[in-house]
Asks: 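For reference, the structure I am asking about is given below.
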Amino acid sequence: MPRALITGITGQDGLYLAELLLDKGYDVFGLIRGQNNPKAELVARTVPDVRVLAGDLTDLSSLLRALNTSQPDEVYNLGAISFVAYSWEQASLTTDVTAKGVLNILEAIRLYAGSDLSGVRFYQASSSEMFGKVQHVPQSESTLLWPRSPYGVAKTFGHYMTINYRESYGMHASSGILFNHESPRRGPEFVTRKVSLGVAAIKLGLQEKLVMGNLEARRDWGFAGDYVDAMWRMLQQPEGGDYVVATGVTHSIRDLLAAAFSAVDIPEWEKYVEHDDRFLRPAEVDMLIGDATKAKSTLDWAPTVTFGELVQMMVESDLAALTASL
Ligand code: NDP
Ligand code: GDR
């Protein structure tokens, strides 16, 4: 039975990836931080077969302990401070976790594996946010990185450190440059979930307005369930590598609002949306659209959920949950 260790098990992707690996017959371990993490219960309920280990990406010895206990064939580093807007508020902490945390886990694997580094395959959760002020359209593995947020800079460090461990030590280390991916499990601070929750609440008469930031930004949005499958496929390749994972279709926040309101039969969405500068960022990533040709040809990977289906899925899920709670 193959064994996997996932950091970020309490997050959106951690839960989907754990489900996928359990289905494939893996023994799955998840790293969880804090002495009384409020999301531990969610993990126990959603993926009860995952064995939870205490640890933090900023604490190297806790990572070594987790590796010694789990003895993994594959390590998926999904843990991060992942909210871009928040990364300006706590840039130093974001750097400690999202950047230096990658070095910590790579180094912990090197110390743990000793001379047999080939026995542990590593996945790093890199991000389209690294493209920032985009230098080419669409963005591929060879597009110059130009990060525009402390989060983007931190992810860029982790991306190059992963490549560096591959090149320096021959580690089977892969960097998945994933574009935005969403689901009913998405945190409510991110724009898709904020909109799906808000639209469901407006439809039920529980909320009057949605207060938003920049409606012109464009993102390449896919479904998280599809994207964790790409992570797994990367670690099944004979060599580590870098892969863009994206749908190749871009939409604005305006399109997102129109689709979400139309999913509950409210065509005139502008009436319900207000602007607040508080949701603007010091520097914006205006437009992302990915070229996943390499993932398609090498990993035989393709997205299965369209933007319209994704928005519908999220709005319906929030509508059902809110209705049940009334
Ligand atoms: P989430 O924000 O949902 O999850 C982040 C996870 O990181 C949580 O489990 C969180 O734990 C954990 N974490 C935070 N701080 C630490 C720490 N100090 N030590 C260990 N773990 C920590 O993110 P997603 O699931 O959406 O994303 C997974 C990864 O993929 C992240 O690295 C993200 O940056 C990256 N990514 C995501 C994309 C997306 O569109 N979703 C696109 C590209 C990259 P806790 O619950 O305790 O806070
Ligand atoms: P992003 O996702 O920054 O792309 O990072 P987010 O959903 O937060 O923002 C997307 C775009 O929407 C605009 N926006 C708003 N965003 C939020 N959160 N709230 C608002 O009210 C709002 N109004 C407009 C933003 O300005 C932005 O342009 C996500 C995270 O999952 C990262 O961890 C990941 O690496 C990248 O996707 C790829």
Side-chain angles (χ1 to χ4, degrees), residues 6-17 30-34 36-40 42-43 53-59 62-63 66 76-87 93-94 96-98 100-102 104-105 123-132 147-149 151-152 154-155 158-159 175-183 185-195 198 210-224 227-228 231 244-246 251-254 256-257 273-288 290:
I6 303 174
T7 72
I9 189 73
T10 60
Q12 169 188 258
D13 291 8
L15 292 174
Y16 280 109
L17 179 64
L31 193 82
I32 197 158
R33 73 189 171 113
N36 186 16
N37 192 312
K39 292 206 189 140
L42 172 70
V43 174
L53 304 173
D56 193 298
L57 282 164
T58 60
D59 181 342
S62 75
L63 300 175
Y76 295 87
N77 184 37
L78 310 186
I81 289 182
S82 76
F83 186 36
V84 173
Y86 178 77
S87 76
L93 183 63
T94 301
D96 286 345
V97 178
T98 305
K100 194 154 172 252
V102 185
N104 284 342
I105 188 136
Y123 174 84
Q124 167 58 17
S126 291
S127 164
S128 54
E129 188 68 15
M130 301 188 304
F131 296 119
R148 296 263 282 171
S149 61
Y151 169 83
K155 281 287 176 188
H159 173 65
S175 175
I177 308 174
L178 271 52
F179 282 60
N180 298 56
H181 46 278
E182 321 291 317
S183 73
R185 291 177 179 159
R186 188 60 144 148
E189 65 273 38
F190 300 97
V191 74
T192 51
R193 188 75 198 290
K194 175 174 172 177
V195 167
L210 248 176
V211 185
M212 304 291 302
N214 176 15
L215 302 190
E216 310 312 325
R218 302 184 72 88
R219 289 292 183 275
D220 178 333
W221 280 294
F223 172 54
Y227 285 44
V228 298
M231 297 174 187
V244 160
V245 178
H251 289 278
S252 66
I253 311 300
R254 225 171 248 290
L256 167 68
L257 286 160
V273 175
E274 282 178 0
H275 172 82
D276 193 321
D277 281 354
R278 170 161 76 90
F279 294 111
L280 297 180
R281 296 172 180 186
E284 179 63 284
V285 172
D286 296 319
M287 201 280 293
L288 292 172

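In each ligand, atom 1 is the first atom listed, and ligand 1 is the first ligand listed.
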Asks: For ligand 2, list the protein residues that place a heavy atom within a distance below 4.0 Å of one of its atoms, sorted by chain and number.
Replies: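 These residues qualify: Ser82, Phe83, Val84, Ser127, Ser128, Tyr151, Asn180, Arg186, Glu189, Phe190, Val191, Lys194, Met212, Gly213, Asn214, Ala217, Arg219, Ile253, Phe279, Arg281, Glu284.
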Asks: How are the rings of Tyr123 and Tyr76 set to each other: parallel, tilted or perpendicular (split at 30° and 60°)?
Replies: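 Tyr123 vs Tyr76 ring planes: tilted.
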Asks: Answer yes or no: is there a side-chain heavy-atom contact under 4.5 Å between Met212 and Val191?
Replies: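 In contact.
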Asks: Could you work out, for atom 9 (O) of ligand 1, the closest of Ile6, Val97, Thr10 by heavy-atom distance?
Replies: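 Going through Ile6, Val97, Thr10 one by one, Thr10 has the nearest heavy atom to atom 9 (O) of ligand 1.
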Asks: Can you tell if the side chain of His159 reaches within under 4.5 Å of the side chain of Met130, non-hydrogen atoms only?
Replies: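 Yes, side chains in contact.
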Asks: Please work out whether any backbone atom (N, CA, C, O) or any side-chain heavy atom from C-beta onward of Phe83 is under 4.0 Å from ligand 1, and answer side chain, backbone, both or neither.
Replies: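 No part of Phe83 is near ligand 1 at this cut-off.
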Asks: Of the side chain and backbone of Arg33, name the one, both, or neither that has a heavy atom under 4.0 Å from an atom of ligand 1.
Replies: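 Near ligand 1, Arg33 shows its side chain, while the N, CA, C and O stay back.
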Asks: Counting C-beta onward and ignoring hydrogens, is there a side-chain heavy-atom pair between Pro188 and Lys194 closer than 4.5 Å?
Replies: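 No. Closest side-chain heavy atoms not under 4.5 Å.
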Asks: Counting both backbone and side chain atoms, is some N or O of Leu178 under 3.5 Å from an N or O of ligand 1?
Replies: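 Not met; the criterion fails.
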Asks: Counting only heavy atoms closer than 4.0 Å, does ligand 1 sit against the backbone of Asn37, its side chain, both, or neither?
Replies: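 The side chain, only.
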Asks: Between Gln12 (side chain) and His181 (backbone), is there a donor-acceptor pair under 3.5 Å?
Replies: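 Present.
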Asks: What I'd like to find out is whether the side chain of Leu256 reaches to under 4.5 Å of the side chain of Arg219, using heavy atoms alone.
Replies: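 Leu256 vs Arg219: side chains apart.
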Asks: Has Asn104 got a side-chain atom pairing as donor or acceptor with Leu57's backbone, closer than 3.5 angstrom?
Replies: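 Here the side-chain-to-backbone pair exists.
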Asks: Donor-acceptor pair, distance only, cut-off 3.5 Å: does the side chain of Arg186 make one with the backbone of Arg193?
Replies: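 Here the side-chain-to-backbone pair does not exist.
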Asks: Compare all side-chain heavy atoms of Tyr227 with those of Asp13 and state whether any distance is below 4.5 angstrom.
Replies: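 With C-beta onward as the side chain, the pair stays apart.
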Asks: Can a donor-acceptor pair be found, under 3.5 Å and without considering hydrogens, that links the side chain of Lys155 to the backbone of Ala125?
Replies: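 At least one qualifying donor-acceptor pair exists.
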Asks: Using a strict cut-off of 4.0 Å, indicate which atoms of ligand 1 neighbour a heavy atom of Ser126.
Replies: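 Ligand 1 atoms under the 4.0 Å threshold to Ser126: 43 (C), 44 (C).
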Asks: Which option, Glu182, Met231, Arg186, Gln124, owns the non-hydrogen atom nearest atom 41 (N) of ligand 1?
Replies: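 The residue whose heavy atom sits nearest atom 41 (N) of ligand 1 is Arg186.
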Asks: By number and element, which atoms of ligand 1 are closer than 4.0 Å to a non-hydrogen atom of Ser127?
Replies: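 Once the distances to Ser127 are compared, the set is 43 (C), 44 (C).
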Asks: Based purely on interatomic distance, does Phe190 place a nitrogen or oxygen under 3.5 Å from a nitrogen or oxygen of ligand 1?
Replies: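 Checking ligand 1 against Phe190, no N or O pair falls under 3.5 Å apart.
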Asks: Counting only heavy atoms, which portion of His181 has something under 4.0 Å from ligand 1: side chain, backbone, both, or neither?
Replies: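 Under 4.0 Å from ligand 1, His181 contributes backbone and side-chain atoms.
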Asks: Does at least one non-hydrogen atom of Thr7 fall below 4.0 angstrom from an atom of ligand 1?
Replies: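 Not so, Thr7 does not reach ligand 1.
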Asks: Is any N or O atom of Ser82, backbone or side chain, closer than 3.5 Å to an N or O atom of ligand 1?
Replies: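 Ser82 vs ligand 1: N/O contact under 3.5 Å present.
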Asks: Please give me the minimum heavy-atom distance between Tyr151 and Ser82, naming the atom from each residue.
Replies: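 Minimum heavy-atom separation between Tyr151 and Ser82: CE1-CA, 3.6 Å.
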Asks: In the structure I gave you, are the side-chain heavy atoms of Asp277 and His275 within less than 4.5 Å of one another anywhere?
Replies: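 Answer yes - side chains close enough.
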Asks: For ligand 1, which atoms, with element, lie under 4.0 Å from some heavy atom of Asn180?
Replies: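 Answer for ligand 1: 40 (O).
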Asks: Is Lys155 near ligand 1, meaning one of its heavy atoms is under 4.0 Å from it?
Replies: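 Judged by the 4.0 Å heavy-atom criterion, Lys155 does count as contacting ligand 1.
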Asks: Could you tell me which atoms of ligand 1, counted from 1 in the order shown, lie closer than 4.0 angstrom to a heavy atom of Tyr151?
Replies: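 Matching atoms, with element in brackets: 33 (C), 34 (O), 35 (C), 36 (N), 44 (C).
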Asks: Please determine if Glu216 and Arg254 form a salt bridge, counting it only when a charged side-chain N lies under 4.0 Å from a carboxylate O.
Replies: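 Judged by the 4.0 Å cut-off on N to carboxylate O distance, Glu216 and Arg254 do form a salt bridge.
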Asks: By number and element, which atoms of ligand 1 are closer than 4.0 Å to a non-hydrogen atom of Lys39?
Replies: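 That gives atoms 46 (O) of ligand 1.
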Asks: Measure from atom 20 (C) of ligand 1 to every heavy atom in Leu57, Asn104, Thr192, Thr94 and give the option owning the shortest one.
Replies: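 Ranked by closest heavy atom to atom 20 (C) of ligand 1, first place is Leu57.
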Asks: Roughly how far, to the nearest 0.5 Å, is CG of Asp286 from OG of Ser252?
Replies: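 Reported to 0.5 Å precision, the distance equals 12.5 Å.
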Asks: Answer yes or no: is there a side-chain heavy-atom contact under 4.5 Å between Asn214 and Arg281?
Replies: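 No, every pair of side-chain atoms sits at 4.5 Å or beyond.
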Asks: Between the candidates Ala125, Ala40, Ala80, Gly79, which shows the shortest non-hydrogen contact distance to atom 14 (C) of ligand 1?
Replies: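 Selected option, by shortest heavy-atom distance: Ala80.
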Asks: To check your reading of the model: name the closest protein heavy atom to atom 27 (O) of ligand 1, its residue, and the distance in Å.
Replies: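 Answer, as residue, atom name and distance: Asp13 OD2, 3.7 Å.
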Asks: Do Leu15 and Leu42 have side-chain heavy atoms sitting under 4.5 Å apart?
Replies: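 Leu15 reaches Leu42 side chain to side chain.
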Asks: Which of the numbered atoms in ligand 1 are below 4.0 angstrom from a heavy atom of Gln12?
Replies: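 Every atom of ligand 1 under 4.0 Å from some heavy atom of Gln12: 3 (O), 25 (O), 26 (O), 41 (N).
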